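Worksheet: the structure to be examined is printed underneath.
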2 protein chains.
Amino acid sequence: MTVTIKDVARAAGVSPSTVSRVISNHPRISKATAEKVRRIMDELGYHPNLAAKSLVSKTTYTLGVFLPRPAEELFLNLFFAEFIRGIVTRASKSGYDILMTSCPSEQDEISALNRLMSGKRVDGIILLTSRRNDPVVQYLNEQQFPFILIGRSEEYPDVLSVDNDNVQASYDATMHLIKRGHTRIGFISGPPHLILSHDRKKGYEQAMREAGLEIREDWIIEEEFLQESGYRAMSILMSLSERPSALVVVDDIVAFGILRGLHELGYQVPQDMSLISFNNTALTELSSPPISSVDISIYQLGYLASQNLIHTIQGSYAGEPRTIVPHRLILREST
Amino acid sequence: MTVTIKDVARAAGVSPSTVSRVISNHPRISKATAEKVRRIMDELGYHPNLAAKSLVSKTTYTLGVFLPRPAEELFLNLFFAEFIRGIVTRASKSGYDILMTSCPSEQDEISALNRLMSGKRVDGIILLTSRRNDPVVQYLNEQQFPFILIGRSEEYPDVLSVDNDNVQASYDATMHLIKRGHTRIGFISGPPHLILSHDRKKGYEQAMREAGLEIREDWIIEEEFLQESGYRAMSILMSLSERPSALVVVDDIVAFGILRGLHELGYQVPQDMSLISFNNTALTELSSPPISSVDISIYQLGYLASQNLIHTIQGSYAGEPRTIVPHRLILREST
DNA sequence: CTGAAAGCGCTTACAG
DNA sequence: CTGAAAGCGCTTACAG
């Protein structure tokens, strides 16, 4: 019932080899033969069996997007969809599909990875988050399997990756507050095992030091990328006897929670507290007041990750291992 | 370099057939042999080649998520990530991966579909949106390829699908406003070619008729699922000499735009205008005031779509072709 | 420019 | 309980 290359060959009066060559646009096939074979393929409704093709060509035209263990919170964030959009858009331009796997538990990460790699299910892997001492990065690097990191690796700085200059971005955000006259600035960070949190905190500290301002431990809070985190952080922060007048916040959704927390406690933004956050997702524009945020071009990060990985797989990548996507401050009413 | 079934067989002193049987837990294999083979597989780091397996078994353990043409706007909406989360979570429970394809243009939809189906790339397909007269549904149905619709089909009512009772949901939402004493109620709808828009509008009209209230054409606006749509709709609606006092809105993100529009025009919610919308995404809780919304259990829709499709593929699905996920009204300050 | 043949890494009747 | 053999649908040297 399914029509194979043999059926086409028979109907066209040629050999299977010839049909295969027509499909792959082999140069040494006569125009006449190629046309005839193509017509027959159309008539019979031929479609190449991708598994068979993949078995012999060792290539799948598929990119794996690896969702690290607690993938749950990832999905709650607007940037996830935006990443995927960039990845899928660029991939389909080159005829690649995207395979998504989530692994059941953290200890199964390597075996989930192995299923994809050794099982020849994908040609390369996109890693969505960069954790410190990430075993997944270590493993992929050891195996010499094509992969790209969104973010960076401390242990393997030369690994293929697409990233922002998060230290600089956070420095810029903090400087913006300092220039606005703030001297008491706190930092609401994300999970400390994420390199992202780490880098942004570093940029904040740099700016503070450079301006000769005090970095207070009790004004630095490390939490999840969740709205509740920001909300809870305010209960803590606003009950201090000495409070900051401005906050740099690691992610929009956290800033959103902060806004809610402040609102409930009866504080005004930006009068009582200025806010600047990261990612510039739709949330920042939608909230009231709209939140200043550092645009990190999420779509672009995904798009370039796809592109550079594909080029690497095809052996045509000539760029630097690290691609830095520029950021820019989008100032709104919260500062 | 890659270790195959043959290498394992040689090292274990058995035939490839036996190794294959051990892998698939064939019942008639002696415990001793199975254990030895498993040990060797571990030692050698054997992983089955999925392409080879798929070629002979005609099965891929992959579900395709088909993103219909203008996929762009889909990604902007919070429900997209939530759908995917439900789909991926359930799929990975049964060892299935998710393949995402977007097709370059609308006319290529069928050929993109064919690549997946005839190319034996996926075992089944999940359709994320239901359009009226959807050629994709028609084609999949003709081809008898396993697929599931999130939503419903007018032409093929018995097609496998997971849906809400959108007519009832919208009826309930409208009735809620009516019970609150509103008599002048408008409806902000989505793209008319989506069945979703259609069903929700129908429920609105039913409730209005039943309550003996007037349905005014100029109080029904059909727009995209975008924030700007809601925003723009307010410029139109609020410039009318006779205005509604409440709105049923097809999607949260549109309601969000409406909120912004009303705010800028100097109107208060719910004093000047009550709002109830659909989907109950994070936006509704985050906006100020928080928006009443109909929770449609997006995660559950995705989860069940995955589940029912997998069961259908495996021939064990015994349920009705249509699964209706219950909705419930989440009332907040906007009504 | 084209064909016959071998092989990619599996599975599965068939036989014992 | 296990093995030899054929075959899934392709590609690709090798030969002409």
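In the text below, chain A, chain B and the rest are named by the order of the sequence lines, each starting its count at 1. The structure displayed is predicted, hence computed values, not measured ones.
Comparing the same atom, P, in D:dT2 and in D:dA6 gives a spacing of 23 Å after rounding to whole Å.
Using bins of under 30°, 30° to 60° and over 60° for the plane-to-plane angle, the ring pair A:F79/A:F225 lands in the perpendicular bin.
At the heavy-atom level, A:I29 lies under 4.0 Å from the strands shown only through sugar-phosphate atoms. Within the 4.0 angstrom heavy-atom criterion, no nucleotide atom of any strand lies near B:K120.
OP1 or OP2 of C:dT2 has not a single side-chain nitrogen or oxygen of A:T18 nearer than 4.0 Å.
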What would the secondary structure line of DNA chain D be in dot-bracket form, counting Watson-Crick and G-U wobble pairs under 3.5 Å, with [ ] for pairs that cross earlier ones and | for pairs with another strand? |||.||||||||.|||

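No donor-acceptor pair closer than 3.5 Å links the side chain of A:T18 to the backbone N or O of A:V14. In terms of modelled atom types and a separation under 3.5 Å, the side chain of B:N141 and the main chain of B:Q138 share no donor-acceptor contact. Counting only distance, with no hydrogens or angles, the side chain of A:S57 and the backbone of A:K53 share a donor-acceptor pair below 3.5 Å.
Ranking D:dC8, C:dT2, D:dC1 by closeness to the B:K58 side chain, first place goes to D:dC8.
Salt bridge present: B:R85 and B:E82 bring a charged side-chain N and a carboxylate O closer than 4.0 Å. A salt bridge is absent between A:K31 and A:E35; no separation between the charged side-chain nitrogens and carboxylate oxygens falls under 4.0 Å. A salt bridge links A:R121 with B:D97: at least one charged nitrogen is closer than 4.0 Å to a carboxylate oxygen.
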With the sugar-phosphate defined as primed atoms, P, OP1 and OP2, and the base as all remaining atoms, what B/S/- string results for nucleotides 10-16 of chain C, 5' to 3', for protein heavy atoms under 4.0 Å? BBBBB--

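Atom pair B:L55:CG and D:dA6:C1' shows a separation of 13 Å (rounding to whole Å applied).
A distance of 13.5 Å separates CZ of B:F83 from OH of B:Y299, quoted to the nearest 0.5 Å.
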